[in-house]
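FYI, the numbering just counts along the sequence from 1. Please read these numbers as outputs of a predicted model, since none were measured by experiment.
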Amino acid sequence: MAEYRKVPFLTFVVSPRQKVKINLAGCNFDCRGCFAIAKQEVGRAFSVEGLVDLLIKSCQQIYGRLADDVQLTGGEPTVNIDYLLSLIQRLRQLGVSKIGISTNGYQLDRSLVEQLKSWDVNYIKLDLKAYSNEIHKWYTGKSNANVLRAVELLCEYGLSFYVRTIFIPDIIGLDEVEKIARFLSQVDRRIAYKIYQFAPEHAANRILRKSPTKEQMLTAGIIARRYLD
């Protein structure tokens with residue numbers, strides 16, 4: 001277990017509610033359209049205790065108290081599972097009432113899901129980049145088998161989560177949205193599914209010149225609603 005993880009920055013949301021996002025550097029995917037600075041091993045290295053100390057002092061300065069809602073994101077927070085679980089444990093000990101994780105799902109096997117359940121993680125944002133494995137491999141460098149299994153496990157253990165996909169016309173387009181929505185419906189029609197608009201100006205690689213149109217996004221939503229509640 002690595003005792004330290006690099007943290008490029010913390011994000012402090014003040015409206016409409018107070019929320020802190022801890023960005024943990026490093027990722028096990030190499031997404032062609034990634035815009036996250038934290039994808040790389042950048043920032044200052046923190047132990048769990050050092051990071052928690054920074055969080056407490058920063059929250060006191062910005063909010064006057066410790067935030068009730070802390071989201072662990074990145075990068076990919078599950079790259080070092082022991083670090084992640086130790087951080088969750090410390091946040092619970094401090095009295096943080098709402099803890100969330102934003103993840104690509106690759107590391108969410110049964111053991112980790114069981115531990116997240118035991119620590120009563122409140123919400124998980126799960127990225128499903130593509131349903132077709134060949135597209136997923138091309139886009140991320142990894143198979144999506146673990147991610148699809150993660151959706152089933154999160155449902156099985158009753159964790160609160162939603163699935164999200166970035167709509168990239170001609171790459172992860174309407175056909176992929178339909179395949180994802182169909183898959184999710186076969187697990188549970190009640191799974192929440194969010195479709196985001198790709199922003200090419202923020203991507204590390206210009207895999208698309210223009211953002212999806214409003215009409216394309218609306219069509220994607222209509223297609224998904226055929227399968228999901």
Side-chain angles (χ1 to χ4, degrees), residues 2 4-29 31 33-108 112 115-116 119-129 147 150 154 159-166 192 194-199 201-204:
Y4 292 82
R5 281 199 70 171
K6 289 187 176 180
V7 179
F9 59 92
L10 307 181
T11 303
F12 295 87
V13 180
V14 296
S15 178
R17 63 185 186 278
Q18 296 177 352
K19 179 178 185 177
V20 181
K21 298 181 181 181
I22 298 178
N23 293 267
L24 300 170
C27 189
N28 48 8
F29 280 8
C31 296
C34 185
F35 60 88
I37 296 171
K39 173 184 177 181
Q40 308 299 329
E41 288 286 348
V42 295
R44 177 180 166 187
F46 285 92
S47 65
V48 169
E49 288 301 325
L51 179 54
V52 167
D53 183 61
L54 174 65
L55 175 69
I56 293 171
K57 291 177 179 177
S58 301
C59 283
Q60 286 292 341
Q61 183 174 348
I62 295 170
Y63 304 132
R65 62 179 183 85
L66 182 61
D68 293 327
D69 188 344
V70 177
Q71 179 183 323
L72 308 178
T73 182
E76 174 52 45
T78 66
V79 165
N80 186 307
I81 293 172
D82 289 336
Y83 189 99
L84 173 66
L85 294 174
S86 294
L87 182 54
I88 291 172
Q89 180 180 7
R90 286 294 291 122
L91 293 173
R92 284 292 186 227
Q93 290 171 349
L94 289 169
V96 175
S97 60
K98 193 172 185 180
I99 298 174
I101 297 174
S102 177
T103 177
N104 60 34
Y106 192 78
Q107 294 281 84
L108 292 183
L112 179 53
Q115 292 178 85
L116 297 180
W119 283 109
D120 196 24
V121 169
N122 300 91
Y123 61 94
I124 294 173
K125 301 178 180 182
L126 177 66
D127 290 317
L128 180 47
K129 311 292 186 181
V147 186
L154 291 172
L159 276 82
S160 177
F161 75 102
Y162 70 79
V163 175
R164 57 188 182 183
T165 299
I166 298 178
K194 295 189 178 185
I195 305 168
Y196 288 81
Q197 187 177 38
F198 183 67
E201 65 273 18
H202 298 304

Which atom names give the shortest non-hydrogen contact between [X] and [Y], and what distance separates them?
X	Y	result
F198	G33	CE1-O, 3.7 Å
V52	R90	CG2-CB, 4.0 Å
D127	R164	OD1-NE, 2.5 Å
V7	N23	CG1-O, 3.3 Å
E76	N104	OE1-N, 2.8 Å
E41	A25	OE2-O, 3.9 Å

task: Go through the steps to decide whether V48 and Y83 satisfy the test side-chain contact (heavy atoms from CB on, under 4.5 Å), and finish with yes or no.
output: CA-CA 7 Å; V48 169; Y83 189 99; 3.7 Å; yes

Just verifying a value: how many Å separate [X] [atom1] and [Y] [atom2], rounded to the nearest 0.5 Å?
X	Y	atom1	atom2	result
F46	L55	CZ	CG	10.5 Å
S86	I81	OG	CD1	11.5 Å
Q197	I166	CD	CD1	11.0 Å
S58	Y63	OG	OH	10.0 Å

field: Derivation of the side-chain contact (heavy atoms from CB on, under 4.5 Å) call for R5 and V79
entry: CA-CA 10 Å; R5 281 199 70 171; V79 165; 4.1 Å; yes

Treating [X] as the side-chain partner and [Y] as the backbone partner, does any N or O pair qualify as donor plus acceptor under 3.5 Å?
X	Y	answer
R92	W119	yes
N122	I99	yes
T103	L126	no

field: Step-by-step side-chain contact (heavy atoms from CB on, under 4.5 Å) determination, L24 to N80
entry: CA-CA 10 Å; L24 300 170; N80 186 307; over 6 Å; no

- line: Sorted by chain and number, sequence neighbours left out, salt bridge (charged side-chain N to carboxylate O under 4.0 Å, His left out) with D120 holds for none

- prompt: Who are the salt bridge (charged side-chain N to carboxylate O under 4.0 Å, His left out) partners of K6, not counting sequence neighbours?
  reply: none

Identify all side-chain donor-acceptor contacts of residues 64-75 below 3.5 Å with residues at least two apart in sequence or on another chain.
| unit_1 | atom_1 | unit_2 | atom_2 | d |
| --- | --- | --- | --- | --- |
| R65 | NH1 | D68 | OD1 | 3.4 |
| R65 | NH1 | D68 | OD2 | 3.3 |
| R65 | NH2 | Q18 | OE1 | 2.9 |
| D69 | OD1 | Y123 | OH | 3.0 |
| Q71 | OE1 | K19 | NZ | 3.1 |
| Q71 | OE1 | K125 | NZ | 3.1 |

task: Start with the C-alpha distance between L154 and L116, add both sets of side-chain angles, then the distance that settles side-chain contact (heavy atoms from CB on, under 4.5 Å), and finish with yes or no.
output: CA-CA 10 Å; L154 291 172; L116 297 180; 5.6 Å; no

